[in-house]
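Input: a single structure, listed below in structure tokens.
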Protein chains: 2
Amino acid sequence: METRELRYFLAVAEELHIGRAAQRLGMAQPPLSRAIQRLERRLGVTLLERTGRGVQLTDAGAVLRDEGRAALDAVHAAERRTRRAAPAPVTSRPAVVLVTKAGASSELLAKLLEAYAAEPDSAEVEVLLCGIGEQESMLRDGQADVALLHRPFDSGVGFDTEDLRSEGQMLLLPAGHPLSSCESLRTADVDAIADPPPARWPTAVGHYPEGPGPQVRDLTQLLQLVALGRAWTMLPESVRADLRSDVVGVPVVDAPTVTTMIAWPPQSRSRALAALVRVATAL
Amino acid sequence: METRELRYFLAVAEELHIGRAAQRLGMAQPPLSRAIQRLERRLGVTLLERTGRGVQLTDAGAVLRDEGRAALDAVHAAERRTRRAAPAPVTSRPAVVLVTKAGASSELLAKLLEAYAAEPDSAEVEVLLCGIGEQESMLRDGQADVALLHRPFDSGVGFDTEDLRSEGQMLLLPAGHPLSSCESLRTADVDAIADPPPARWPTAVGHYPEGPGPQVRDLTQLLQLVALGRAWTMLPESVRADLRSDVVGVPVVDAPTVTTMIAWPPQSRSRALAALVRVATAL
DNA sequence: AGGCGTCATACCTCTGCGGTATCGGGAGGG
DNA sequence: CCCTCCCGATACCGCAGAGGTATGACGCCT
């Protein structure tokens with residue numbers, strides 16, 4: 001199975017429509033139809049059910065969508081990391097790319113970078129800030145070499161991880177909300193909030209959970225919506241440092257603990273990465 | 001990057017000789033030379049240093065060897081698991097392939113299979129027995145869906161795992177060896193053994209550690225060598241059930257505990273696999 | 001019944017992959 | 001010091017296969 005075939009199939013599996021998938025791939029529809037047929041013939045497996053309106057995945061097709069996505073990410077990762085390993089033209093090149101949610105763990109991140117830079121043979125670290133829930137896919141497809149994740153929001157499944165620190169959560173409300181004057185709250189109080197709805201953010205697979213409340217994909221959006229009185233949310237206590245004056249945080253004493261962890265792909269062997277992890281765990 | 005290019009490069013990276021790699025790939029040498037050059041040009045990275053005698057890997061080449069191996073395994077896994085997900089011609093088809101070291105955890109394995117078969121909607125489980133240290137690669141490249149691993153011999157890194165049980169280790173000696181009459185031993189006693197040397201088995205990356213002592217790759221070889229007085233070894237206590245009469249086991253009270261765990265690729269979502277894991281943890 | 005939307009088929013072109021023959025350069029032996 | 005061997009690179013050729021256009025087949029909705 002060639003990566004081209006995999007790319008084609010994944011486009012079809014996502015669009016569930018051969019014509020649109022072809023458009024997305026920048027090619028005509030007939031060659032794509034044939035490519036999928038060839039793939040099915042070679043695998044000896046029917047991947048699609050052709051209906052009058054687009055196509056549906058068979059069970060085998062769903063397996064190939066999931067496994068194939070992981071495989072294609074692995075190929076992209078190999079490609080990106082190989083390119084990055086090329087000897088650079090003298091000037092500093094990032095030896096490690098670290099990704100984390102924009103706005104999360106900013107104090108921890110600053111300490112980590114500072115401590116690592118103080119190491120005798122430290123390399124350049126490029127910091128990539130992404131939206132909520134995007135770190136794991138960036139790690140998988142090689143856009144990054146190491147990530148800061150936050151359990152239970154991110155799973156860390158499929159990577160090597162080390163826990164760095166744990167913290168409680170606090171409820172973020174617009175200034176002036178009835179609960180904003182409390183010293184602390186319990187989850188029962190939070191569940192009882194009627195008026196602004198909770199904000200929703202994407203899960204690891206990229207979908208938004210069902211429910212009322214606005215969809216957000218980064219901290220800025222989130223804080224602005226809270227400030228506008230359109231949403232509430234719960235976040236780790238360390239965001240306190242980044243709060244705007246029109247947003248109030250109240251500790252929720254019995255909310256699940258959030259653990260910040262450092263994660264990297266298991267086959268990674270680079271010296272720079274190992275040193276970064278060692279510094280992180282020693283913080 | 002196409003999987004063909006990756007396959008070609010990996011052959012060269014392993015042989016460090018383009019002619020031999022071409023032979024192994026069943027093709028002529030010139031097209032392989034060109035394919036590697038094309039790959040280097042497309043990546044914009046030098047992968048090989050051409051010397052008079054064969055080739056050497058550059059740093060970037062070594063990265064591509066490691067990352068590419070993982071990526072190619074992932075593609076093979078996608079292919080195999082998709083084939084296996086095909087609707088079968090009526091008769092029972094294995095829905096799950098389980099791999100474990102031949103001879104290890106045989107009692108646990110029997111209980112697991114029995115308990116799973118008793119489940120209401122259990123599927124066919126094919127059991128694959130492999131040599132020492134081969135389970136993880138079979139899981140990675142899709143020859144198996146789930147494995148029984150033994151920490152600390154196997155790492156389980158890169159997979160989801162659940163611990164099943166822990167046990168101590170015992171020293172295996174030929175009947176008649178001076179230590180064979182002891183009730184129990186300590187690791188210091190084991191380290192002091194002069195005469196037969198310890199057997200060596202492959203590590204996760206497929207190489208044998210340095211040292212004296214015969215190399216083995218399965219339990220039968222191992223027990224036969226012990227019986228012949230050519231080697232000693234330490235194994236989990238559950239092998240006691242499989243010992244031949246000419247091999248004696250003596251518990252080593254302070255040896256590291258061995259944990260049997262069940263492991264599966266993180267993106268697996270099959271119902272049958274989930275049920276198998278649930279049964280295993282409930283044992 | 002007719003039109004539309006969607007995937008499959010027919011047929012053509014051309015890229016690019018693999019094969020054979022040969023060149024070039026470095027290492028080792030006489 | 002030169003000759004020879006070994007190994008990778010280059011030149012050139014033929015063909016499989018990937019993609020494009022035009023068109024067919026089929027189900028669905030009006």
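Every chain is numbered from 1 and lettered A, B, ... according to where its sequence line falls, protein lines coming before strand lines.
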Examine the side chains of A:S33 and A:Q29 and answer whether a donor and an acceptor come within less than 3.5 Å of each other. yes
Taking only Lys NZ, Arg NE, NH1 and NH2, and the carboxylate oxygens of Asp or Glu, determine whether B:D145 and B:R84 approach each other closer than 4.0 Å. yes
Pairwise 5' ranking along DNA chain D for A:T51 and A:A35, keeping only the more 5' one: A:A35
To the nearest angstrom, the CE-P distance between B:M27 and C:dG19 comes to 5 Å
Spacing of B:I36 atom CD1 relative to C:dG18 atom P, expressed in whole Å: 11 Å
Using a heavy-atom cut-off of 4.0 Å across all strands, would you classify B:R34 as base, sugar-phosphate, or nothing? base
Does a side-chain N-to-carboxylate-O contact under 4.0 Å join B:E14 and B:R24? yes
Could you work out which one of C:dT20, D:dT21, C:dC17 sits closest to the side chain of B:R4? C:dC17
Round to the nearest Å and state the distance from B:L47 atom CG to D:dG8 atom C1'. 16 Å
Rounding to an integer number of Å, can you tell me how far B:Q29 CD sits from D:dA11 P? 14 Å
Salt bridge flag under 4.0 Å for residues A:R42 and A:E5: yes
For DNA chain D, determine which residues of residues 6-20 of chain A have any heavy atom closer than 4.0 angstrom to one of its atoms, and list them numerically. A:Y8
Using a heavy-atom cut-off of 4.0 Å across all strands, would you classify A:R38 as base, sugar-phosphate, or nothing? sugar-phosphate
Taking only N and O in the side chain of B:S33, is any of them less than 4.0 Å away from OP1 or OP2 of D:dG8? no
Audit row: B:H17, B:V55, side-chain contact (heavy atoms from CB on, under 4.5 Å) steps and yes/no: CA-CA 6 Å; B:H17 187 293; B:V55 297; 6.0 Å; no
A:V55 side chain: which of D:dT10, D:dG20, C:dC7 is closest? C:dC7
Is the shortest side-chain N to carboxylate O distance from A:E119 to A:R278 below 4.0 Å? yes
Protein-nucleotide distance (B:Q23, atom CD; C:dG19, atom P), rounded to Å: 13 Å
Taking CG from B:L32 and C1' from C:dG18, how many angstroms apart are they, rounded to a whole number? 11 Å
Could you check A:E49 against A:T58 for side chain to side chain donor-acceptor pair (under 3.5 Å), going step by step and ending with a plain yes or no? CA-CA 6 Å; A:E49 272 163 25; A:T58 63; over 6 Å; no
Send over the distance from B:E2 CD to C:dC17 P, rounded to a whole Å. 9 Å
Does a nitrogen or oxygen in the side chain of A:Q37 sit under 4.0 Å from OP1 or OP2 of C:dT9? yes
